[in-house]
Amino acid sequence: NPSIWSYDLGTGNNGWGNNELQNYTDNSKNVRVEGGNLVITAIKEPSGSKSYSSARIKTQGKYSFKYGKIEIRAKFPTGVGTWPAVWSLGSNSSTVSWPACGEIDFVEHVGKAQNKIFGSLHYPGNSGGNAVSGSKLISNASTEFHIYKVIWNSNSIRFYVDDVLYKTAPNSSTLPFNQEFFLIANVA
């Protein structure tokens with residue numbers, strides 16, 4: 001829905017991205033709705049200055065929220081090097097640098113750890129490889145749909161897969177998780 005979603009385009013060399021190997025596009029071969037499902041596809045092909053094309057969509061400036069229950073029904077690609085995620089940044093990210101704005105990774109799947117899913121929080125003192133994170137092995141993350149759920153309030157952020165709790169992180173007034181956040185979905 002373009003009234004809620006827009007695209008991040010390019011390679012992220014303008015301040016976002018992790019030196020990733022893809023060029024993000026709005027091409028329907030990279031992002032489309034098919035059979036009622038959002039499909040984001042990374043393709044090995046020359047794209048911009050990169051060797052892959054993919055898509056990254058976001059609700060920044062169009063839709064944000066504070067607290068609630070977030071559910072994602074997803075299955076993930078296979079292959080070393082893939083890094084799909086549904087995540088969020090504090091809506092103040094354009095004025096406050098990362099990680100001060102806060103980041104909630106509702107679900108990530110890193111291809112080198114097939115069938116291991118992650119839920120993480122990034123904020124000052126706990127960012128990058130030092131995030132507050134939980135993980136869970138599920139036998140079929142790439143062949144079956146699962147429900148990834150986060151329940152977020154002023155006291156905690158709880159991560160679930162198929163209604164099984166796998167990580168609880170405390171929230172408090174000293175953390176950046178008490179403001180509006182916007183959604184991002186991508187396959188890196």
Side-chain angles (χ1 to χ4, degrees), residues 1-65 68-94 98 101 103-120 122 138-150 152 159-162 180-188:
N1 182 342
S3 69
I4 298 173
W5 294 93
S6 63
Y7 299 91
D8 268 329
L9 300 174
T11 61
N13 291 335
N14 58 347
W16 52 266
N18 293 307
N19 298 312
E20 297 159 6
L21 301 179
Q22 76 286 325
N23 177 48
Y24 287 121
T25 80
D26 59 1
N27 192 305
S28 62
K29 67 183 175 183
N30 296 117
V31 60
R32 65 193 174 284
V33 175
E34 186 176 283
N37 295 314
L38 171 66
V39 179
I40 299 177
T41 305
I43 301 169
K44 185 171 183 167
E45 66 178 356
S47 182
S49 61
K50 300 293 185 167
S51 298
Y52 296 85
S53 65
S54 190
R56 176 170 154 155
I57 61 173
K58 62 183 181 175
T59 66
Q60 186 177 23
K62 296 184 173 201
Y63 174 79
S64 62
F65 60 98
K69 177 172 72 170
I70 298 89
E71 287 189 344
I72 299 117
R73 180 180 171 267
K75 64 180 173 178
F76 298 108
T78 59
V80 173
T82 60
W83 186 5
V86 179
W87 53 295
S88 62
L89 290 174
S91 293
N92 63 350
S93 65
S94 59
W98 183 90
C101 64
E103 176 181 328
I104 305 171
D105 299 326
F106 300 115
V107 63
E108 293 182 288
H109 180 264
V110 183
K112 69 181 179 183
Q114 182 62 40
N115 292 324
K116 189 174 186 181
I117 54 94
F118 297 86
S120 304
H122 299 266
I138 53 176
S139 63
N140 50 10
S142 297
T143 58
E144 301 292 328
F145 282 98
H146 294 273
I147 303 295
Y148 303 94
K149 177 171 63 178
V150 172
W152 167 33
F159 297 85
Y160 299 80
V161 59
D162 298 328
E180 297 280 317
F181 274 66
F182 65 91
L183 291 166
I184 304 167
N186 68 300
V187 175

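Excluded from the calculations below are hydrogen atoms, water molecules and symmetry mates; all remaining heavy atoms, backbone and side chain alike, are included.
- Of the possible donor and acceptor atoms, none in the side chain of K62 sits under 3.5 Å from a partner among the backbone N and O of F182.
- A search for ring-ring contact (aromatic ring centres under 6.0 Å, His included) contacts involving F76 returns H109, Y148, not counting sequence neighbours.
- The NZ atom of K29 sits 11.0 Å away from atom OG1 of T41, with the distance rounded to the nearest 0.5 Å.
- Rounding to the nearest 0.5 Å gives a distance of 12.0 Å between CG of N30 and CD1 of I57.
- What you find for N115 and A141 is that their closest heavy atoms are OD1-N, 2.9 Å.
- Side-chain atoms of S120 and W87, non-hydrogen and from C-beta on, never get closer than 4.5 Å to each other.
- Under the side chain to side chain contact (heavy atoms under 4.5 Å, CB included) criterion, A188 pairs with E20, Q22, Y24, W83, N186, not counting sequence neighbours.
- The backbone N or O of V187 sits less than 3.5 Å from a side-chain atom of S54, completing a donor-acceptor pair.
- With sequence neighbours excluded, the residues satisfying salt bridge (Lys or Arg N to Asp or Glu O under 4.0 Å) with E34 are R32.
- For H146, there are no ring-ring contact (aromatic ring centres under 6.0 Å, His included) partners, not counting sequence neighbours.
- Contact between P77 and S142 at its shortest, heavy atoms only, is O-OG, 3.4 Å.
- Interatomic distance, W5 CH2 to K58 NZ, rounded to the nearest 0.5 Å: 11.5 Å.
- The heavy-atom pair separating N23 from G48 by the smallest distance is ND2-N, 3.7 Å.
- Distance check: I104 CD1 to I184 CD1 gives 11.0 Å after rounding to the nearest 0.5 Å.
- Pairs of residues two or more places apart, or lying in two chains, never qualify as salt bridge (charged side-chain N to carboxylate O under 4.0 Å, His left out) while including a residue from residues 103-112.
- Of the possible polar contacts, none joining the E45 side chain to the Y52 backbone as a donor-acceptor pair under 3.5 Å is found.
- Contact check for F106 versus S88: side-chain heavy atoms found under the 4.5 Å cut-off.
- Contacts classified as side chain to side chain donor-acceptor pair (under 3.5 Å) and involving residues 69-81 (residues at least two apart or in different chains) are given here: N37-R73.
- Using a 4.5 Å cut-off on side-chain heavy atoms (C-beta onward), F159 and V107 make no contact.
- A 4.5 Å side-chain heavy-atom check between S53 and N27 finds every atom pair outside the cut-off.
- In plain terms, the two heavy atoms of Y63 and I4 that are nearest each other are CB-CG2, 3.7 Å.
- Using a 4.5 Å heavy-atom cutoff, the side chains of V31 and L38 are in contact.
- Contact record, I40 with A185: CD1-O, 3.8 Å, taken as the closest heavy-atom pair.
- Counting only heavy atoms from C-beta outward, the side chains of S51 and L21 never approach each other to under 4.5 Å.
- The two atoms that bring L9 and D26 nearest to each other are CD2-N, 3.6 Å, heavy atoms only.
- Note: D162 CG to K149 NZ = 10.0 Å, rounded to the nearest 0.5 Å.
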